[in-house]
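Below is one structure, written out as structure tokens, with a few remarks after it.
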Amino acid sequence: MTKQHIEVITSVERRRHWSREEKERPVAAALEPGTVVSDVARSAGIHVSQLFRWRKELCQMSAPSVPPFIPIEVVAALPAPDPLETTPAPRARKKPSIVTIELGRGRRIRVESDVDTEALGRILDVVERR
């Protein structure tokens with residue numbers, strides 16, 4: 001004759017509380033080779049999805065939270081660049097604006113405010129010659 005475990009819940013709270021050891025037993029049994037997970041869950045009195053959730057939680061607890069070390073190589077520092085050779089990066093404007101240049105005789109040129117001034121000068125020279 002087999003014994004059956006029957007649990008009677010008499011309180012208002014209908015959820016059972018499981019200790020870590022109580023969760024580890026069915027999870028360990030389900031990880032054994034050749035075991036049917038649904039049979040383990042049924043014998044523990046839980047749903048299969050609960051067993052999978054416990055397994056996920058317990059595996060996350062046992063996983064190392066420290067990231068693995070990455071090997072690095074320390075090399076000699078490079079010399080600082082010559083300050084005369086470096087050119088400062090152009091400052092990015094938050095919002096570009098449009099500049100309208102009146103050339104006369106009803107002619108206009110519209111350019112963005114951050115246009116290359118040398119290129120704009122060449123364009124204006126060509127337009128003046130016409």
Side-chain angles (χ1 to χ4, degrees):
M1 180 178 252
T2 61
K3 294 182 182 179
Q4 286 187 325
H5 176 75
I6 298 175
E7 183 176 355
V8 178
I9 302 172
T10 58
S11 66
V12 176
E13 186 177 349
R14 298 201 185 276
R15 294 184 178 211
R16 292 182 280 179
H17 296 282
W18 301 78
S19 68
R20 182 173 175 160
E21 292 79 24
E22 290 173 323
K23 292 178 182 180
E24 286 175 347
R25 268 184 258 127
V27 168
L31 292 175
E32 291 292 323
T35 317
V36 179
V37 178
S38 59
D39 292 342
V40 174
R42 191 177 310 112
S43 67
I46 59 173
H47 195 271
V48 177
S49 65
Q50 184 68 50
L51 185 58
F52 284 117
R53 188 176 304 121
W54 286 352
R55 184 176 70 179
K56 183 178 178 182
E57 289 172 2
L58 292 172
C59 288
Q60 286 176 347
M61 285 182 199
S62 63
S65 61
V66 178
F69 285 105
I70 300 173
I72 61 167
E73 182 180 339
V74 179
V75 296
L78 298 174
D82 189 14
L84 298 177
E85 294 178 12
T86 60
T87 57
R91 288 181 25 198
R93 297 188 181 186
K94 292 182 181 175
K95 184 177 177 185
S97 58
I98 301 294
V99 177
T100 304
I101 302 171
E102 298 284 340
L103 299 173
R105 292 185 273 162
R107 296 182 299 170
R108 294 181 197 150
I109 294 180
R110 291 184 180 171
V111 294
E112 290 188 3
S113 58
D114 58 349
V115 68
D116 181 9
T117 54
E118 291 178 18
L120 180 60
R122 289 191 300 269
I123 292 170
L124 291 175
D125 287 341
V126 170
V127 171
E128 277 186 22
R129 291 185 204 144
R130 291 186 178 187

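None of the values given here were measured: they were computed from a predicted structure.
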| CD1 on Ile109 to CD1 on Ile123, rounded to 0.5 Å | 6.5 Å

| task | For Leu120, check side-chain contact (heavy atoms from CB on, under 4.5 Å) against everything at least two apart and list the hits. | result | Ile101, Val111, Val115, Leu124

| side-chain contact (heavy atoms from CB on, under 4.5 Å) partners of Ser49, counting only residues at least two apart | His47

| query | Are Lys23 and Glu57 side-chain neighbours, meaning at least one heavy-atom pair lies under 4.5 Å? | reply | yes

| message | I'd like to check Arg110 versus Val99 (side-chain heavy atoms, cut-off strictly below 4.5 Å). Are they in contact? | response | no

| task | Write down the atom of His17, the atom of Glu22, and the distance for their closest heavy-atom approach. | result | O-OE1, 3.9 Å

| message | Is the shortest side-chain heavy-atom distance between Ile98 and Glu112 below 4.5 Å? | response | yes

| Are any non-hydrogen side-chain atoms of Leu51 and Val37 less than 4.5 angstrom apart? | yes

| Leu31 side, atom CG; Glu24 side, atom CD - distance, nearest 0.5 Å | 11.0 Å

| message | On a heavy-atom basis, which atom in Pro26 and which in Trp54 lie closest, and how many Å separate them? | response | CG-CZ3, 4.0 Å

| request: Mind listing the closest non-hydrogen atom pair of Arg55 and Val27 along with its distance? | output: N-CG2, 3.8 Å

| field | Within 6.0 Å of CD in Glu102, more than 12 heavy atoms from elsewhere | value | yes

| request: Provide the full list of side chain to side chain donor-acceptor pair (under 3.5 Å) pairs with a residue in residues 26-39, sequence neighbours left out, each pair given once. | output: Asp39-Arg42

